[in-house]
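For reference, positions follow the sequence shown, starting with 1.
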Amino acid sequence: MNPRDDVIHLRRGGTSVILDLSTAPIPSFVHWGADLGPLPPAALSSLAVAARPQRVSGGLDATSRLTLLPTEAAGWMFTPALEGHRDGAGSSILFSLVSVSSDEHAVSLELADVEAGLTARIDLSLGVAGLLTQRVSLRNTGDTSFTVDRLQAVFPLPWEATEILDTTGHHLRERAPQRRALAIGTHLRESRRGRPGADATVLLAAGRPGFGFETGQVHGLHVAWSGNHRVLAERTSNGDAFLAGGELFLPGEVVLAPGEEISTPQVMGSWGEGLSALSYRFHDEWRARPQHPSRPRPISLNTWEAVYFDHDLRRLTALADAAAEVGVERFVLDDGWFLGRRDDTAGLGDWLVDPIVWPEGLHPLVDHVRGLGMEFGLWVEPEMVNPDSELARSHPEWILRGRAGLPPSARQQQVLNLAAPGRLSLHRRAPARPARGVSDRVPEVGPQP
């Protein structure tokens, strides 16, 4: 592909993405959807020209359009892809295209706004299944700190995509679908739980009214991020429609010092004639990874519902015998094996084998399970902690909080700051009175050859 061309055409996995590099101030999408085949340069240029908006009566002399990073200074009067400020002073951000590098399946665009003291890089790639992935990176090249309020990737929608599908729910009723019309305005979904909760949507899709699993063109977006995030679908009075998504920044959370950079999570877009085709792109892309497991998923037995916290070697070895008889391949010991964990109110975070419950350690059970030809697995939840634990008492500063007091608890748990100094390994301390011959070492639990 010739980087000097004004139009870039990426093709892979039944998908075409066409970008117009000549639009001001930065490139714009022309097409994202069905593979259009090996189009000649003249045809690509004609598609780009046809996609340029006409002047709107009473509007700007040059009608703004949905670029890859729309901002207000470029005349975009709808939801921008980037918002921020320098010490409370307003920022007017107007990027221009600096350079383009591309190959058959990917393109990287370098943007700059010298006056605002910012540069940006937009990386787009088409995977083997036709999944479009974007990542936007922002660097502060100014002399003062820049606070980032919003940074998100944008995906265009065809104008006929007038129905939205996303999911919501709660514990034991996760991922309940809901539909509504995509009218003029914004449909916004945010997750502020620090993780994608049951009420968050993992996919925001928009398509032709009535689209189903097998019929109706539909486009969808997923933010590959396990923290706070936002996704939105928007339809403008100028004739644009789009999906956007990225991390959700809390006030003052992201402040870039001079020279610092931040990138969005990977934001992935899929499309298809029906939801099944859209879904297949995600699944096929994931399974095509070089590191994707090649063996069948082992048949597993988890001990939780069988014994809960009532751990007893004789009972668990009998359960392992029964599991082996019916063809179980992996035996997983769940919650209750570690220090002081007799119910869910205490002990979480003290990852030492409890010598009262397991006077000989876990090795007798591990050896028995492996002797039956099964793998042994062990349940661990390293990111959570009970306030009633040695870990919390020894290191209260490791618990995430925004104030001096603890935040509201859930399941008698708080969240550990795994990035805190000293949190590079599991909390370890010797039991006060270790029984003779007791080992506090957690046995190796990985797959066996």
Side-chain angles (χ1 to χ4, degrees), residues 145 147-148 171 190-200 223-229 247-257 260-265 302 304 308-309 311 332-358 361-362 377-434 438-446:
S145 296
T147 300
V148 185
H171 182 54
E190 294 182 339
S191 177
R192 296 174 176 266
R193 295 173 175 262
R195 61 184 177 87
D199 61 332
V223 178
W225 181 247
S226 60
N228 289 349
H229 65 273
E247 188 177 354
L248 172 64
F249 302 134
L250 300 181
E253 181 179 2
V254 178
V255 180
L256 299 181
E260 287 188 334
E261 178 178 299
I262 189 171
S263 298
T264 66
N302 185 289
W304 178 242
Y308 294 103
F309 294 103
H311 285 203
V332 180
L333 183 65
D334 207 288
D335 198 354
W337 57 268
F338 47 94
L339 200 63
R341 188 66 166 175
R342 302 284 57 79
D343 56 37
D344 66 353
T345 66
L348 192 64
D350 298 335
W351 304 108
L352 305 171
V353 178
D354 194 314
I356 297 176
V357 180
W358 296 96
L362 295 181
L378 193 63
W379 178 90
V380 182
E381 192 175 8
E383 77 282 6
M384 305 302 291
V385 63
N386 287 132
D388 184 6
S389 65
E390 292 303 313
L391 173 59
R393 284 185 283 272
S394 300
H395 293 283
E397 74 279 7
W398 289 355
I399 300 177
L400 283 174
R401 68 185 81 197
R403 299 172 56 85
L406 292 177
S409 62
R411 300 169 61 202
Q412 295 84 45
Q413 297 178 15
Q414 294 290 331
V415 183
L416 280 175
N417 180 5
L418 297 179
R423 286 296 306 151
L424 298 179
S425 59
L426 291 178
H427 174 62
R428 300 182 61 83
R429 73 170 183 86
R433 290 192 182 87
V438 172
S439 170
D440 67 355
R441 182 175 66 87
V442 176
E444 297 178 2
V445 295

Pairwise distance [atom1]([X]) to [atom2]([Y]) - rounded to 0.5 angstrom:
X: D350; Y: S394; atom1: CG; atom2: OG; result: 8.0 Å
X: W358; Y: L333; atom1: CH2; atom2: CG; result: 5.5 Å
X: I399; Y: M384; atom1: CD1; atom2: CE; result: 10.0 Å
X: D343; Y: Q412; atom1: CG; atom2: CD; result: 8.0 Å

Quick one: sort the W398 and H395 rings into parallel, tilted or perpendicular, breaks at 30° and 60°.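 Taking H395 first and then W398, their aromatic rings lie parallel (interplane angle under 30°).
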
- Task: Kindly assign one of parallel, tilted or perpendicular to the pair W351 and W337, based on the angle between their ring planes and the thresholds 30° and 60°.
- Result: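 Taking W337 first and then W351, their aromatic rings sit tilted (interplane angle of 30° to 60°).
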
Report yes if some heavy atom in the side chain of [X] is under 4.5 Å from a heavy atom in the side chain of [Y]; otherwise report no.
X: D388; Y: R393; value: yes
X: S389; Y: L348; value: no
X: W379; Y: D335; value: yes
X: V254; Y: T147; value: no
X: V332; Y: L378; value: no
X: V223; Y: T264; value: no
X: L256; Y: E261; value: no
X: Q414; Y: P396; value: no

Working for ring-ring contact (aromatic ring centres under 6.0 Å, His included), residues W304 and F309: CA-CA 8 Å; W304 178 242; F309 294 103; 5.1 Å; yes

* Side-chain H-bond candidate by donor/acceptor type, N386 with R341, under 3.5 Å ->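 Result is yes, a qualifying pair exists.
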
Report the C-alpha distance between V353 and F338 in whole Å, list the side-chain angles of each, state the deciding distance to 0.1 Å, and finish with yes or no for side chain to side chain contact (heavy atoms under 4.5 Å, CB included). CA-CA 4 Å; V353 178; F338 47 94; over 6 Å; no

N/O donor-acceptor pair under 3.5 Å between [X] side chain and [Y] backbone:
X: R342; Y: G336; value: yes
X: H229; Y: G227; value: yes
X: D334; Y: Y308; value: no
X: R403; Y: L406; value: no

Full working for side chain to side chain contact (heavy atoms under 4.5 Å, CB included) between N417 and R401: CA-CA 9 Å; N417 180 5; R401 68 185 81 197; over 6 Å; no

